[in-house]
Asks: 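Handing you a structure now.
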Amino acid sequence: MGLPKPLGPLAVAFADFELLRRSEAPLIEHEAATPVPPMRIFYPTSQQPKWWRDAADRRWLMSITYAFGYLQTFILPSTTARRIMLWVLAGIIYIFMWPGSALAASVSSPIVQLSEGSDQRLPIVIFSHGLWACRTTYTALCCDLASHGYIVVAPEHLDGSSNAVHYHDENGKRKWIHHAFSNVPFVNVPMEDRSNQLRQRIAEIQRVIDVLEDLDGGLITQNKNVITGKLSLDVSTLKGRLSLSNLTVAGHSFGGATAITACGRDARLRWCIGLDVWWEPVEKVDYERVAGKVPVLLLNTESFEWKKLTDARKLFLDCRRAAANTTEDPLVTEVATIKGTCHQDQSDIPLLFPILSKKIGISGTLDCMIAKNTNNWACLDFLQRNLMLTKVGLKLNTYNACYN
């Protein structure tokens, strides 16, 4: 059990950031309606992690509350007895997973320095998690991207779609948001409610971009990060290091829908990766907004298919084809399916629980490490071909992704 070392030539570090909430009236109206979500930021470093160093801060499962949230996907906490049982199981899992699941990344190490005379700014990927997930659920992918020179920002959405999320209120008090529909079977949640969540997620992605712009410009002081201790991001780390013209949004499942929709609403997003996009909450007007705007990679697993989903994806692709006929520039739309995979093969779960994942059917027939590597190389291949990383000071070896 445990996460593998990153695929790339660079070591990886991470730190957490949460913008201090204002107790007074905000200067900008949308700040009140859409707070900045807490986020984990992965970035390349020159310092290799030591397994005994900062082990507690490098835990994949950050709290027993997250373990409780994951378990709710299998057992609805509909009665007091069930909730007690879930908390007991969560405690056992939380203890069992430490320290074997420590992240293969160091905590708050200095960001890598590029060769002298080259542009020091690094391309950015904002990664939106899926339902019942959180900021650490896709750590393997985030680390693989960071080890190739990307700064990866993983926000923890406040819309009630995560398994759990902790944040600090205006008084600095730590609070929790649990999954909004934990007592309701997945199929019984009205799609209108999911669409409302999607709109909030998009607004949160836009707020994350606002914060990244301020961090790059040195406009955020250290006391504005309410995260304390070793995990706290040193805000000076990202000053002048963010290539805001090379901004990608990516996501898995509901996060894939968030990525697709966000890049149609915010011109600052230049590329899009959708992993097993859950298309149903996306409204038709958003298909038309994103059509023709940015290069898109749709990377699917073999088992995540049903009629409403495939019909919605076809509608999106039809909009892309129509847009391609009206633009002079080539429109990049890449679609691939990884054979022998299930929906969760694009997350960390099968890597941490390989045998159990196969037995309960959340991982496909393909070896989970091969599935992870194929998925992540495909993402890297798409980004490398479209962003041309050598232009931002990184000279990395070329590679081929075998995912057809």
Asks: Can you find a heavy atom in the side chain of S232 that is under 4.5 Å from one in the side chain of Q222?
Replies: yes
Asks: T137 versus W132: any side-chain heavy-atom pair under 4.5 Å?
Replies: no
Asks: Hey, does the side chain of D345 reach the backbone of C342 with a donor-acceptor pair shorter than 3.5 angstrom?
Replies: yes
Asks: Considering only NZ, NE, NH1 and NH2 on the basic side and carboxylate oxygens on the acidic side, decide whether D210 and R207 come within less than 4.0 Å.
Replies: yes
Asks: Evaluate the side-chain proximity of N375 to T341: yes if any heavy-atom separation is below 4.5 Å, no if none is.
Replies: no
Asks: Do the non-hydrogen side-chain atoms of Y43 and L242 ever get within less than 4.5 Å of each other?
Replies: no
Asks: What heavy-atom pair brings P123 and G149 nearest, and what distance separates the two atoms?
Replies: CD-O, 3.6 Å
Asks: For W176 and Y66, take the angle between the two ring planes, folded into 0 to 90°, and tell me which bin it lands in: parallel under 30, tilted 30 to 60, perpendicular over 60.
Replies: perpendicular
Asks: Report, as yes or no, whether the 6.0 Å neighbourhood of atom CG on L219 holds more than 12 heavy atoms from other residues, nucleotides or ligands.
Replies: yes
Asks: If you look only at pairs with a residue in residues 180-197, which of them pass as a salt bridge (charged side-chain N to carboxylate O under 4.0 Å, His left out), with sequence neighbours excluded?
Replies: none
Asks: Ignoring hydrogens, what is the shortest heavy-atom contact between S245 and W271? Give both atom names and the distance.
Replies: O-CZ3, 3.8 Å
Asks: Aromatic ring centroids of Y70 and W60 under 6.0 Å?
Replies: yes
Asks: If you count heavy atoms of other groups shown closer than 6.0 angstrom to NZ of K5, is the number above 12?
Replies: no
Asks: Using the rule side-chain hydrogen bond (donor to acceptor under 3.5 Å, both in side chains), only one of T261, D159, N196 pairs with R201; which is it?
Replies: D159
Asks: Report yes if some heavy atom in the side chain of L231 is under 4.5 Å from a heavy atom in the side chain of F17; otherwise report no.
Replies: no
Asks: Please name the pair of heavy atoms, one in P49 and one in S106, separated by the smallest distance, quoted to 0.1 Å.
Replies: CB-N, 3.7 Å
Asks: Within a strict 4.5 Å, meaning less than it, do heavy atoms of the V153 and V211 side chains meet?
Replies: no
